[in-house]
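I have placed the structure first, in the form of structure tokens, so that the comments after it can refer back to it.
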Amino acid sequence: MEWQDIKNNLSNISDFSVTVYNASRDNNTLFDYIDALPLDVKNELYPKYINSDGPVLGIRKQIVEEFLNGLVNRADIINRFETGKLNNPKSFTQYKNLYAVLYPFFTFTTNKLVYETLDNLAKKIQTDLQLVDKTDIKTIGFDGGRNTGSDDVWFAIYNNSHPNQQHAKQLFLSIHNAVVIYALYDRGKGFFMEKETTDVVSLDYSALIDFYTKHKSAILSDNYRANLLLKYPLEKLIGSLKAGEIKSWLIKPGEKGSMWKKALKEENIRIGWGYVVDDMYDEGN
């Protein structure tokens, strides 16, 4: 995809980001958008949620039940959401507002445009900076990283020695309420090491590449494996093991214990740090 095509798509995404921003803060804007969805889109959404169940998904079910026959009962749905948060807080913990529940009605027709455009731009930058074999890309749309909706979209290019982008330095770009930020972002520490703010109209690919070129070395030197070995030298660990100084291990397979079921099913535990585990493996030991 050529830059001008990417920029045209970014312009559409930027315009839509204003709608999402307002809808995430104002329920009338949210319902105005849902009520105005074309009938063919409503017909496609209907089977996706008509059999939904539970306190959260049940709200989506009510939406599709109502919007084929007229306007959505706004007051009833708002009351249902607020009552749910009050009486069943555990089920609604992740849903800070009504948009977080109803975001699929916004992303259904836009996700393809968002992800394809951001992926194409990130890959173009990755190629032009000669980082294809050294970096990975993470892209997030208006569905959000945890599928609870987001009012911004972004991509990150980061050193592929990291198991994911969560603690990596990043060549970062986001669109939020029509504002474009491109930056060198230290995700692990949660701050922008340097950033530029603009809009899509003023966004220039040459300026973008010049900025990222200046920070390319920061990404290349951010080697998770090397940095981890500096912090936890294998020789010291192995020495402690042989000396019997390590009496116990804390086991939490996967991020936030996400691989517990797999570990239990396979009846094993794998110990390591990201991609360092190969260095500790010895056949028969």
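Quick note: residue numbers are just sequence positions, from 1. Here the structure is a predicted model, which is why all the values come from computation and not from measurement. Below, all heavy atoms of this structure are taken into account, side chains as well, without hydrogens, waters or symmetry copies.
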Mind checking the CG-CD1 spacing from Leu203 to Ile175? Nearest 0.5 Å is all I need.
8.0 Å
Given the ring of Tyr205, does Lys124 sit roughly above its face, with NZ or CZ under 6.0 Å from the centre of the six-membered ring and within 45° of the axis?
yes
If I compare all heavy atoms of Arg25 with all of Asp151, which pair ends up nearest, and what's the gap?
NH1-OD2, 2.9 Å
What is the ring orientation for Phe172 with Phe192, classed by angle as parallel under 30°, tilted 30 to 60°, or perpendicular over 60°?
tilted
Worked verdict on Lys134 versus Asp222 for salt bridge (Lys or Arg N to Asp or Glu O under 4.0 Å):
CA-CA 11 Å; Lys134 303 175 182 69; Asp222 183 35; over 6 Å; no
Would you give the length of the straight line joining atom NZ of Lys216 to atom CD1 of Ile209, rounded to the nearest 0.5 angstrom?
10.0 Å
Donor-acceptor check, side chain of Tyr99 to backbone of Asp26, threshold 3.5 angstrom: yes or no?
no
Angle between ring planes, Phe92 versus Phe81, binned at 30° and 60°: parallel, tilted or perpendicular?
perpendicular
How long is the gap from CG on Leu129 to NE2 on His215, to the nearest 0.5 Å?
11.5 Å
Please check if the distance between the ring centroids of Phe106 and Tyr33 is under 6.0 Å.
yes
Can you find a side-chain donor-acceptor pair between Tyr212 and Asp128 that sits under 3.5 Å?
no
Tell me whether Glu266 is salt-bridged to Lys262, with the criterion being a basic N under 4.0 Å from an acidic carboxylate O.
yes
Just jot down the side chain to side chain donor-acceptor pair (under 3.5 Å) partners of Asp76, sequence neighbours excluded, or say none.
Gln62
Can you tell me if Asn8 and Gln4 form a side-chain donor-acceptor pair at under 3.5 Å?
yes
Distance check, rounded to the nearest 0.5 Å: Glu194 atom CD versus Tyr185 atom OH?
16.0 Å
Ring-plane angle category for Tyr182 and Phe211, please: parallel below 30°, perpendicular beyond 60°, tilted otherwise.
perpendicular
Would you say the rings of Tyr49 and Phe108 are close, in the sense that their centroids are separated by under 6.0 Å?
no
For Asp133 against Asn160, the heavy-atom pair lying closest together
O-ND2, 3.0 Å
When rounded to the nearest 0.5 Å, the distance separating OG of Ser221 from CG of Asn159 is 8.0 Å
Once rounded to the nearest 0.5 Å, what's the spacing between atom CG of Asn27 and atom CG of Asn97?
8.0 Å
Could you label the plane-to-plane angle of the His176 and Tyr21 rings as parallel, tilted or perpendicular, counting under 30° as parallel and over 60° as perpendicular?
perpendicular
Please tell me whether Tyr115 and Asp143 have a donor and an acceptor in their side chains that are separated by less than 3.5 angstrom.
yes
Hey, are Ser202 and Asp199 close enough side-chain-wise for a donor-acceptor pair under 3.5 Å?
yes
